[in-house]
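Counting from 1, the numbers follow the sequence of the chain as shown. Model, not experiment: these values are computed from the prediction. Below, each value reflects all heavy atoms present in this structure, side chains not excepted, and no hydrogens, waters or symmetry copies. Whatever order the structure lists them in is the order used to number ligands and atoms, beginning at 1.
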Amino acid sequence: MTPRTPGAGLPEHPDFLWRTPEPKRSYEVVVVGGGGHGLATAHYLAREHGITDVAVLEKGWLAGGNMARNTTIIRSNYLWDESAGIYEHALKLWEGLEEELDYPILFSQRGVLNLAHSLQDVREGVRRVEANRLSGVDAQWLDPGQVKEVCPIVNTSPDVRYPVLGATYQPRAGIAKHDHVAWGLARSADAAGIDLVQNCEVTGIDVSDGRVTGVRTNLGPIAAGKVALCAAGHSSVLARMAGFDLPLQSHPLQALVSELLEPVHPTVVMSNAVHVYVSQAHKGELVMGAGIDAHNSYTQRGAFHVIERQMAAALELFPVFARAHLLRTWGGIVDVSPDASPIVGLTPVGGLYLNCGWGTGGFKATPGVGQVYAHTIAHDTPHALAVPFSLERFTTGALVDEHGAAAVAH
Ligand SMILES: Cc1cc2nc3c(=O)[nH]c(=O)nc-3n(C[C@H](O)[C@H](O)[C@H](O)COP(=O)(O)OP(=O)(O)OC[C@H]3O[C@@H](n4cnc5c(N)ncnc54)[C@H](O)[C@@H]3O)c2cc1C
């Protein structure tokens, strides 16, 4: 475990992040929320539908929400066909995104291990591997010896509290540099003429005869033909402004990084039972995520005991981390749906669209949902991959229940 000096060579922040346009008084499409999903939606509205009379309204600074706070795990090995459909679609887009954006996003397909620590974990993991293969998603089941080969620093001794009994492995999974992803998408939208408006909070949604007509903001009213919500963590608040409720709960979700270290961790390891997931960022920090804080909140911070348990779990799995120092911790706000699957599509209000409920796992979907959502907005009809994720499923009962199915949900 050797400390590392920060390296040079990464691109500077693009200029446009430091300037913000005065919004016009009317747009064809207003996107609420300038995180990864809002920026990806703007990028694909311009790129695939020629729709550029668009404003992305962000109440803080661009990508300062969950997009800046997530642990960047990208994978598509979910259980159900519907989930595999949208996440695998996203993973394929990730594989070409650096070229598409002409921007270095440092997408690194270093593989993801989901460890199994009990007979139930093993059964769930083997079942998921089989389901993934049937859906065309790359997946393998590894025994503890093979886990050790992929990630030599995992403690596979049978004597620990939660011994490693095996793992699912998706070799094409990995990580990307989230701020670069946001800047790449924002740069593309900006170049297409889309207004990226920072410090602009949507405080009301105007609806007339069942159709959206615009939004109210701290910078004044803005008329809009269509309004697309991308406000992770606050989706229920915005839906309420338009007069309907969402089946979502907002929770803090925390993560932390160590000091910069020389490369020691070659892959991504997730463990549901001990509830920690770990990778090593390009710069060298060990990146560790926790489970959600149990209480509901809109604050971007959680309780210390969650971090404490997470560190205990990490040390058990990776004794070598005992010598690492904590650099910083932070929290984001995620909105979680009853079946732990997203909600993407139309709403009871004409011209108002919904993209929310990604919970702890929406970073990996960023290009996929951006493309699917842009298509939904442009055609006023759900994209085929979004159909299973409609709001109606909570009244029809056609749930996509990934809750108990997808190991750790990130
Ligand atoms: C600690 C942590 C770890 C995570 N790890 C992973 C992971 O490893 N892999 C993974 O796939 N996912 C992960 N996630 C989840 C992922 O980050 C989110 O699902 C995803 O980022 C949500 O989409 P977004 O990027 O658009 O959200 P955000 O970046 O949060 O964007 C929403 C934006 O809406 C803005 N907004 C809200 N209300 C208003 C308003 N009224 N007016 C204007 N703007 C508004 C917010 O300021 C915010 O910038 C993690 C999340 C956290 C917090």
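For ligand 1 and Cys200, the ligand atoms under 4.0 Å from any heavy atom of the residue are 43 (C). Every atom of ligand 1 with a heavy atom of Arg69 under 4.0 Å away is listed here by number and element: 1 (C), 2 (C), 3 (C). Ligand 1 places these atoms under 4.0 Å from at least one heavy atom of Lys364: 9 (N), 10 (C), 11 (O). Atoms of ligand 1 lying under 4.0 Å from any heavy atom of Glu201, numbered from 1 in the order shown and given with element: 41 (N), 42 (N). Numbered from 1 in the order shown, with element, the atoms of ligand 1 that lie under 4.0 Å from a heavy atom of Leu57 read 43 (C), 44 (N).
Ligand 1 lies less than 4.0 angstrom from a heavy atom belonging to Gly361.
Here the shortest heavy-atom distance to atom 5 (N) of ligand 1, taken over Val181, Thr71, Leu39, belongs to Thr71. Counting heavy atoms only, Gly35 comes closest to atom 31 (O) of ligand 1 of the residues Gly359, Ala365, Gly35. Of the candidates Gly38, Cys230, Gly65, Gly33, it is Cys230 that places a heavy atom closest to atom 32 (C) of ligand 1. When the options Thr360, Asn66, Val30, Thr366 are ranked by their closest heavy atom to atom 15 (C) of ligand 1, first place goes to Thr360. The heavy atom nearest to atom 3 (C) of ligand 1, out of those in Asn70, Val112, Asn355, is found in Asn70. Among His251, His37, Lys59, the residue whose heavy atom lies nearest to atom 26 (O) of ligand 1 is His37.
Note that OG1 of Thr71 and CE of Met288 are 11.5 Å apart. Values are rounded to the nearest 0.5 Å.
Between Ile73 and ligand 1, at least one pair of N/O atoms sits closer than 3.5 Å.
With a 6.0 Å radius and a threshold of 12 heavy atoms from other residues, nucleotides or ligands, Trp330 has its CH2 atom above the threshold. Counted within 6.0 Å of CZ on Arg133, heavy atoms from surrounding residues, nucleotides or ligands total more than 12; the atom is thus considered enclosed.
Using modelled atom types, one side-chain atom of Lys226 and one backbone atom of Ile377 make a donor-acceptor pair closer than 3.5 Å. Between the side chain of Arg128 and the main chain of Tyr78, no donor-acceptor pair closer than 3.5 Å is present.
Seen from the ring of Phe304, Arg301 does not count as a face-on cation partner, given the 6.0 Å and 45° thresholds.
When each of Trp94, Phe107, Trp358 is tested with Phe363 by the rule ring-ring contact (aromatic ring centres under 6.0 Å, His included), just one qualifies, namely Trp94.
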